[in-house]
Enquirer: 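I'd like to ask some things about the structure below.
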Amino acid sequence: MLFTILPRAAAMRCSFKTPIRSISTLQSNPHIYVFPSSTPSSHILTLLPTQPPTPSLAIGTTTALPPTPSSVTENPYFMRILYDVLRLHAPSDPFVQGQAAAFASSSGSALGSGGMFFPQQKQRRGGGSEAAKRGHAGDGAGGASSQGGAGGGGRGGWIHVSDLRAPPDYGRIAWPEDIFGSLEVDGRGEFVVSDGEEQGRGNWMVSGSYRVITREGILGLSDFLRGKLVERLMEEEEKVLK
């Protein structure tokens, strides 16, 4: 299902019976706009409301609405921009900073494998059998911090930056397809600063397993990271339109 948004100026013109081209968004993620594609039976999914859309900066295309994992084709160029934005800005995201602080805190022993910290969530669809498939603390499924137990313990390690569409249960790590990448923190919960600029603060590492859409939803970012991503996309769009 889609939501339709009418710009304020367009709404005022309704009384004059002026033709209006509305903007539709996904019901499951109102931050994602939907536009018809030049390809029959296909739609463009994008974070920018620009009309007409810029396909090269779109999240991807879908042959079905609402989109499903089998109907969506990811845009590789968008994914590269997404990962670069995360590399630059994830360490400044209050949500990620909270994970780093929790990793280094005295309660670190209660964190999930890979140093992940989330508030306790209601059990996800699938019940205990699904939850049982998640990595347990110290199972080696996470970054360096998962070796020998969860939490920092004053030794430092890695935390995962994950999609927010399906937060894992307390003490668990996110599904591989929900993990954008990982950041390195020291024993005090501070992001490690690399000598080079390629990885940026926190030695950003892309997971390689992330999928922009799963059965749980599509591209769930924090308000902070989504704002940074939209800013970057707008900058890239200005270059394209020049």
Side-chain angles (χ1 to χ4, degrees), residues 29 31-32 46-48 57 59-60 74-105 108 111-119 121 135 141-146 150-152 155-168 172-214 216-236:
N29 190 331
H31 302 288
I32 297 179
T46 176
L47 288 171
L48 299 178
L57 299 177
I59 298 169
E74 297 179 5
N75 175 7
Y77 184 60
F78 170 85
M79 298 304 294
R80 289 197 294 272
I81 293 176
L82 169 63
Y83 292 136
D84 195 47
V85 169
L86 292 172
R87 176 184 67 86
L88 293 171
H89 299 292
S92 300
D93 181 10
F95 185 80
V96 177
Q97 290 177 343
Q99 292 175 207
F103 173 80
S105 71
L111 302 185
S113 177
M116 286 298 296
F117 174 84
F118 285 95
Q121 301 288 326
S145 62
S146 67
R155 295 175 298 174
W158 297 81
I159 61 171
H160 295 318
V161 179
S162 304
D163 196 296
L164 301 182
R165 60 192 166 206
R172 308 284 187 174
I173 63 171
W175 291 101
E177 61 265 32
D178 291 334
I179 299 176
F180 294 117
S182 302
L183 291 168
E184 186 179 6
V185 297
D186 60 23
R188 297 172 298 173
E190 300 290 337
F191 293 103
V192 174
V193 179
S194 175
D195 294 334
E197 296 183 357
E198 183 176 350
Q199 278 76 33
R201 188 162 60 106
N203 288 328
W204 169 257
M205 293 182 61
V206 175
S207 72
S209 60
Y210 177 75
R211 296 293 177 266
V212 74
I213 183 171
T214 68
E216 301 292 343
I218 179 170
L219 191 60
L221 293 169
S222 67
D223 291 341
F224 176 84
L225 290 177
R226 185 175 58 255
K228 292 298 182 182
L229 178 56
V230 170
E231 288 179 7
R232 173 68 175 275
L233 291 172
M234 292 175 67
E235 293 173 359
E236 295 294 328

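Computed from a prediction, not measured in an experiment: that's the story for all the values here.
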Enquirer: Mind listing the closest non-hydrogen atom pair of Ser209 and Pro176 along with its distance?
Expert: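 Where Ser209 meets Pro176 most closely, the heavy atoms are OG-O, 2.6 Å.
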Enquirer: To the nearest 0.5 angstrom, please state how far the CD1 atom of Ile159 sits from the CZ atom of Phe191.
Expert: 4.5 Å
Enquirer: Identify the heavy atoms of Ala174 and Ser162 that sit nearest to each other, and give their distance.
Expert: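 The answer is CB-OG, 3.6 Å.
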Enquirer: Kindly compute the distance separating CG (Leu225) from CZ (Phe95), expressed to the nearest 0.5 Å.
Expert: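 Output value for this atom pair is 10.0 Å.
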Enquirer: Let me see the working for Leu219 and Tyr210 under side-chain contact (heavy atoms from CB on, under 4.5 Å), right down to the final yes or no.
Expert: CA-CA 10 Å; Leu219 191 60; Tyr210 177 75; 3.5 Å; yes
Enquirer: Nearest 0.5 Å please: distance from the CG atom of Leu164 over to the CG atom of Leu221.
Expert: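 Going from the CG atom of Leu164 to the CG atom of Leu221 covers 7.0 Å.
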Enquirer: Residues two or more places apart in sequence or in another chain: which of them pass ring-ring contact (aromatic ring centres under 6.0 Å, His included) with Phe78?
Expert: none
Enquirer: Any idea which heavy atoms bring Thr214 and Arg165 closest together, and the distance?
Expert: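 Shortest heavy-atom contact: CG2-NH2, 3.3 Å.
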Enquirer: For Glu177, what residues pass the side-chain hydrogen bond (donor to acceptor under 3.5 Å, both in side chains) criterion, not counting sequence neighbours?
Expert: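 Counting only residues at least two positions away or on another chain, Glu177 forms no side-chain hydrogen bond (donor to acceptor under 3.5 Å, both in side chains).
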Enquirer: Any idea which heavy atoms bring Val96 and Ala90 closest together, and the distance?
Expert: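 What the structure gives for the nearest pair is CB-O, 3.3 Å.
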Enquirer: Quick one: does Asn75's side chain get under 4.5 Å of Ile59's, heavy atoms only?
Expert: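 A side-chain contact is absent here, since even the closest heavy-atom pair is not under 4.5 Å.
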Enquirer: Arg226: which residues meet the salt bridge (charged side-chain N to carboxylate O under 4.0 Å, His left out) condition with it, sequence neighbours left out?
Expert: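 Expected list: Asp223.
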Enquirer: side-chain hydrogen bond (donor to acceptor under 3.5 Å, both in side chains) with Asp93: which residues, sequence neighbours excluded?
Expert: Ser222
Enquirer: Could you measure the distance from the CD atom of Glu74 to the CG atom of Leu82? Nearest 0.5 Å is fine.
Expert: 9.5 Å
Enquirer: Please name the pair of heavy atoms, one in Asp186 and one in Val192, separated by the smallest distance, quoted to 0.1 Å.
Expert: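 For Asp186 versus Val192, the nearest heavy atoms are N-CG2, 3.9 Å.
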Enquirer: Mind checking side chain to side chain contact (heavy atoms under 4.5 Å, CB included) for Glu236 and listing every partner two or more places apart, or none if nothing turns up?
Expert: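 Glu236 satisfies side chain to side chain contact (heavy atoms under 4.5 Å, CB included) with Leu57, Tyr77, Ile81, Arg232, Lys239 only.
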Enquirer: Kindly say whether Ile218 contributes a backbone atom to a donor-acceptor pair with the side chain of Asn29 at under 3.5 angstrom?
Expert: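 Yes.
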Enquirer: Minimum heavy-atom separation for Ala166 to Asp178, with atom names?
Expert: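 Reported closest heavy-atom pair: CB-OD2, 4.1 Å.
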Enquirer: Measuring from atom CG of Leu47 to atom CG of Leu233, what distance do you get when rounded to the nearest 0.5 angstrom?
Expert: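 Going from the CG atom of Leu47 to the CG atom of Leu233 covers 6.0 Å.
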Enquirer: Drop me the distance from Asp163's CG to Ile179's CD1, to the nearest 0.5 angstrom.
Expert: 10.5 Å
Enquirer: Test of understanding: with side-chain hydrogen bond (donor to acceptor under 3.5 Å, both in side chains), list the residues that count as partners of Ser92, not counting sequence neighbours.
Expert: Arg201
Enquirer: Check for a donor-acceptor pair, side chain of Ser182 on one end and backbone N or O of Trp158 on the other, with a separation under 3.5 Å.
Expert: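 Here the side-chain-to-backbone pair does not exist.
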Enquirer: Side chains of Thr46 and Ile32, heavy atoms from C-beta outward: is any pair under 4.5 Å?
Expert: no
Enquirer: Evaluate the ring planes of Phe224 and His89, with Trp represented by its six-membered ring, and classify them as parallel (under 30°), tilted (30 to 60°) or perpendicular (over 60°).
Expert: perpendicular
